[in-house]
Amino acid sequence: MQQKFIPFTLPLIEEEEKREVLEVLESGWITTGPKAKQFEQEFASFVGSKHAIAVNSCTAALHLALEAIGIQEGDEVVIPSMTFAATAEVVRYFKARPVLVDTNPYTLNIDPDKIEDLLVRYKASGVSKKNSSRVKAIIPVHFAGLPCDMDAIKQLAERHKLRVIEDAAHSFPATYNGRMVGTLGDITCFSFYATKTITTGEGGMITTDNDEYASRMRIMSLHGISRDAWKRYSSEGSWYYEITAPGFKYNLTDIAAAIGLAQLKKAESMCMRRQNIASIYNEAFRDVPEIEIPVTNETRSWEDSKVEQIEDKYGHSWHLYVIKLNLEKLTIDRDQFIEELKGRGIGTSVHFIPLHIHPYYRDTYGYKPQDFPNAYDAYKRIISLPIYPKMPDEDVGRVVGAVKEVVQKNRR
Ligand SMILES: *Cc1c(COP(=O)(O)O)cnc(C)c1O
């Protein structure tokens with residue numbers, strides 16, 4: 001009998017979301033308004049940031065963040081190769097250059113030592129003269145929801161006078177040294193895309209403690225119009241407005257914000273369920289030599305990572321559960337492994353196809369696969385398994401069973 005297909009991901013939309021949305025639909029105010037404001041306030045207090053600005057995607061958030069710190073044509077921004085399209089394309093919006101850096105082979109987060117190497121090499125080669133480096137910022141991506149080594153990144157950012165914009169699309173809620181992601185770098189960008197840990201269908205949030213950045217991003221998110229442009233059709237507002245810059249159209253609707261408010265209320269319980277599924281997977285796969293389970297701390301070796309799977313320093317949001325296949329112990333490759341799982345009714349994905357092997361970045365900057373060996377090697381071995389709060393125990397069990405069966409059948 002063909003078993004029901006287990007999707008790779010599903011949002012958890014319940015009565016609260018429906019109730020909140022209905023309320024907005026009936027209120028007569030469906031675009032950016034009181035719900036978006038409330039969502040910003042509640043999000044800011046959740047992460048403990050001074051400002052929160054609701055926008056319609058994390059991509060928009062990253063674009064606004066780079067604009068606020070003054071990225072210009074010809075500037076350079078350091079990003080990991082192991083990330084999604086959005087992290088790099090926003091740099092291209094400015095005709096600036098995304099400079100790719102390899103990842104730590106265990107965590108798959110950007111490797112701070114490799115950033116340092118790059119900056120030192122730049123200085124030595126005269127690409128950037130003394131303090132007029134073209135590298136202006138770093139965008140660390142908290143891969144899968146595991147925070148990057150932010151102390152190291154912030155220290156080197158300080159040394160080289162760089163801003164830190166976090167791509168936190170995967171990492172809500174996550175912590176680093178007891179502090180919430182959203183309060184660590186200069187600006188943090190979150191995603192509420194349909195697959196992310198909390199969702200508004202499409203949406204994003206920017207957090208920062210910097211008043212100047214916050215005010216610039218707020219204005220630029222809505223046509224560059226002077227303060228609180230959205231109020232101009234309300235009783236508190238006025239018809240008069242001034243365009244202070246050629247801004248963008250990145251505001252979040254109240255319909256979306258209403259979903260966000262309901263999701264925010266259960267963010268913690270949803271995260272706990274993700275943690276719970278991750279620990280079931282960890283237990284099930286820990287002693288399977290063909291599989292490496294995700295590393296949850298910053299580490300220099302796979303053996304170290306096994307000794308200290310959970311370290312308090314890193315509070316993981318478990319947006320993704322990414323296993324690595326030990327291909328030398330298997331007779332099939334990653335693609336075939338995925339097909340075998342699909343045949344058993346299990347939806348999976350691959351995060352990510354490294355940027356440097358995509359045609360645009362490969363051809364524009366002449367990158368070769370081996371330029372970032374850790375990202376490239378990982379790419380050939382990774383599979384993201386289903387992990388979401390709506391997933392019943394029975395499905396978690398089926399995923400475990402299917403993975404073990406495929407391993408058993410294809411052992412070398
Ligand atoms: C999903 C994602 C984004 C983009 O988020 P949107 O809200 O869809 O714009 C950015 N970076 C990473 C790493 C992502 O996974």
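Each ligand, and each atom within it, is numbered from 1 in the order the structure gives. Throughout, residue positions are numbered sequentially from 1 according to the sequence presented.
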> Once rounded to the nearest 0.5 Å, what's the spacing between atom CE of Met270 and atom CD1 of Ile198?
6.5 Å
> Could you check whether atom CD of Glu394 has more than 12 heavy atoms from other residues, nucleotides or ligands sitting under 6.0 Å from it?
no
> Counting only pairs under 3.5 Å, give me each side-chain donor-acceptor contact of residues 345-355, with atom names and distances, residues two or more places apart or in other chains.
from	atom 1	to	atom 2	distance (Å)
His351	ND1	Ser384	OG	2.8

> Mind jotting down which protein residues get a heavy-atom contact under 4.0 Å with ligand 1? Chain and number order, please.
Ser57, Cys58, Thr59, Thr83, Phe84, Ala86, Thr87, Val141, Asp167, Ala169, His170, Ser191, Tyr193, Lys196, Gly203, Phe352
> Give a yes or no on whether a salt bridge exists between Arg344 and Glu405, defined as a side-chain N under 4.0 angstrom from a carboxylate O.
yes
> Does a salt bridge link Asp211 with Arg216, judged by any charged N lying under 4.0 Å from a carboxylate O?
no
> For Tyr388 together with Tyr321, are the ring centres under 6.0 Å from each other?
no
